[in-house]
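Each remark here refers to the structure printed beneath this line.
Here is the naming used below: chain letters follow the sequence lines, and residue numbers restart at 1 for every chain.
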Amino acid sequence: MTDKSIKTQELIWTPFLMLLSREVRRFIKVLAQTIFIPAINSFIYLLIFGVSIGKNIKVLEGISYLEFLIPGLVMMGCMNNSFQNSSSSLLGMKFGREIIDIKAAPLTVQQIIWAMSLGGLFRGLVVGTVVFLSGEFFYYFHENAWLVPVYPFYFLLFCIIGGLAFTKLGIIVAFLAKTFDHVSAIGGFIILPLIYLGGVFFSLENLSPFWVKFSHVNPLLYFINGVRYGVLGVSDVPVNVALWVSLLGLLVFHLLAVWALKKGSYQPW
Amino acid sequence: MAVLKIENLIKDYGALRAVNKVSFEVHSGEVFGLLGPNGAGKTSIISTITTLEKPTEGTITINNLDVTRHERATKAVTGVVPQELVTHGYFNVEEILTFQSGYYGLRKNKEKIHSLMQQLELWSHRHKKIRHLSGGMKRRLMIAKALMHSPQLLLLDEPTAGVDVELRYSIWEQVRDLKKAGVAILFTTHYLEEAEKLCDRVAIIHEGKIQKQGETKELVRKLTSRHLTITLKNKVEYSHPALINQQDNTLEFRVPYSTKIGQFLSELNFRNDNILDMKIREGTLEEAFKYVLNRGEM
């Protein structure tokens with residue numbers, strides 16, 4: 001039996017779908033942790049920033065702060081949870097030695113990456129949907145109308161690209177990390193600041209020229225503004241630029257994830 | 001037919017050479033024992049077979065396919081029971097076995113999953129999460145996982161470490177059944193009595209190097225002697241190069257396998273009416289193991 005003959009058998013889709021199913025079932029088993037807490041966080045952000053403080057904040061012309069905030073929070077929830085899902089799942093596997101099962105099984109690097117990515121993306125999209133529905137709730141009471149995405153295709157596309165990119169980032173971090181502290185440090189010191197500085201809560205128009213330049217080198221700005229374009233039809237960066245930078249970011253994270261799985265340690269902690 | 005073939009395997013961890021030019025084969029329907037003290041390199045060898053670690057030099061083939069170049073094909077026919085217990089935080093026994101089955105491309109495998117759970121006495125625990133299982137049950141689950149896809153090669157890394165006697169016998173029985181079914185089994189253990197009972201061939205490894213390998217019985221015959229204990233009616237002062245112990249009127253001799261017992265007795269020249277009792281004890285794998293570790297190459 002060679003690799004070639006195996007391709008005609010069940011070793012392509014079944015192992016991939018089983019790992020994907022494991023990833024989805026894992027986060028469903030801890031819904032309070034994976035869905036409810038992020039949903040409550042977003043609800044509080046919307047209440048405090050969107051409704052209370054937001055009345056006095058001016059962003060883009062003709063757009064209320066609540067409208068501006070909703071797509072940013074959707075993307076933040078989607079990216080953050082996609083990252084959390086793949087990184088915590090892999091860390092759990094390393095800690096519990098389950099990683100040996102994955103490595104010893106006939107799963108390829110691409111199968112592992114895509115199964116874990118799609119599992120993480122699914123959680124990201126579920127959280128993003130919950131955040132969007134919370135936003136709709138506030139928007140309806142504030143504006144007496146529903147917030148209808150202007151370009152739903154772009155809205156979904158950027159959520160998918162951003163979520164996928166962040167699941168791959170989670171895989172990279174988890175594979176290269178030697179302890180839980182490494183992952184917490186990368187999440188707290190790098191990813192969270194980049195998300196916050198990526199324009200979730202503010203428009204580039206509100207920033208001084210120095211910070212505008214700084215924000216332009218933050219790839220998250222393009223993911224977040226792509227989603228904002230999909231919902232509001234306007235954004236701080238042209239949608240084509242946002243799309244190309246986001247796709248480039250996704251490609252880079254994917255290649256780094258492949259490298260991490262090939263070079264990183266499968267040894268349990 | 002050699003299912004697993006390892007040739008001149010070297011595995012370095014930085015400056016430390018954990019495995020040094022190791023070569024051996026495991027054939028279909030054979031149990032091959034890899035014996036050695038802690039840190040001898042047994043687990044490093046298993047880690048390179050499963051591609052958990054990359055070999056520094058040398059080749060490992062399963063069914064004539066190189067494990068580093070044909071990962072999927074070689075892994076599809078290999079089952080692994082790692083030394084350390086695996087914990088799955090979120091899932092119960094049946095779910096874990098379903099995932100394991102799927103990882104090997106077996107989607108509709110409920111019958112096999114149920115049959116393995118019954119065979120390994122996991123049935124009544126199938127809805128329990130791993131953290132609620134005893135150590136022995138966890139070990140059974142790991143064996144069930146390794147057998148899920150009916151492997152041609154089974155790697156058992158100290159499967160009986162820390163398990164009770166009942167489970168140990170049950171694992172032995174499983175190993176014998178698998179051997180009969182034609183599975184090639186690589187078995188590592190610290191229990192030499194167990195290796196002697198189960199393994200057709202063994203390799204004694206020390207400091208990363210195979211010191212001796214061969215058929216278990218043959219190796220014991222080559223490296224050890226029989227012990228002949230004679231109890232005499234009357235105490236005699238006796239001197240003989242093969243005498244290793246004398247207590248009152250009981251004398252213990254080491255008799256090489258190359259010497260026939262009858263010939264040896266006639267050499268001793270005891271009067272038949274002075275012999276009260278006589279016992280022969282065969283050499284053991286443990287003695288062979290100690291001999292190799294203490295003296296290295298013969």
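Both the backbone and the side chain of A/K103 come within contact range of chain B, with heavy atoms under 4.5 Å apart. Using a 4.5 Å cut-off between heavy atoms, A/I102 contacts chain B through its side chain alone, with no backbone atom that close. With a 4.5 Å cut-off on non-hydrogen atoms, B/L106 touches chain A through its backbone but not through its side chain.
Atoms OG1 and NZ, on A/T14 and B/K108 in that order, are 10.0 Å from each other to the nearest 0.5 Å. Atoms CZ and CG, on B/R107 and A/L17 in that order, are 7.5 Å from each other to the nearest 0.5 Å. Atoms CZ and CD, on A/R26 and B/E95 in that order, are 13.5 Å from each other to the nearest 0.5 Å. From A/D101, atom CG reaches atom NZ of B/K145 across 3.5 Å, with rounding to the nearest 0.5 Å. Interatomic distance, A/L11 CG to B/Y103 OH, rounded to the nearest 0.5 Å: 14.0 Å. Atom CD of A/E23 and atom CZ of B/F99 lie 9.0 Å apart (nearest 0.5 Å).
For NZ of B/K209, the number of neighbouring non-hydrogen atoms (other residues, nucleotides, ligands) closer than 6.0 Å is 12 at most. Within a 6.0 Å radius of NZ in A/K29, other residues, nucleotides and ligands contribute more than 12 heavy atoms. The 12-atom threshold is exceeded at CZ of A/F138, counting heavy atoms of other residues, nucleotides or ligands nearer than 6.0 Å. Atom CH2 of A/W259 sits in a sparse spot, with 12 or fewer heavy atoms from other residues, nucleotides or ligands closer than 6.0 Å.
Between A/R25 and B/F91 the shortest heavy-atom distance is CB-CE2, 4.0 Å.
Side chains of A/R22 and B/T98 form no contact here, defined as non-hydrogen atoms less than 4.5 Å apart.
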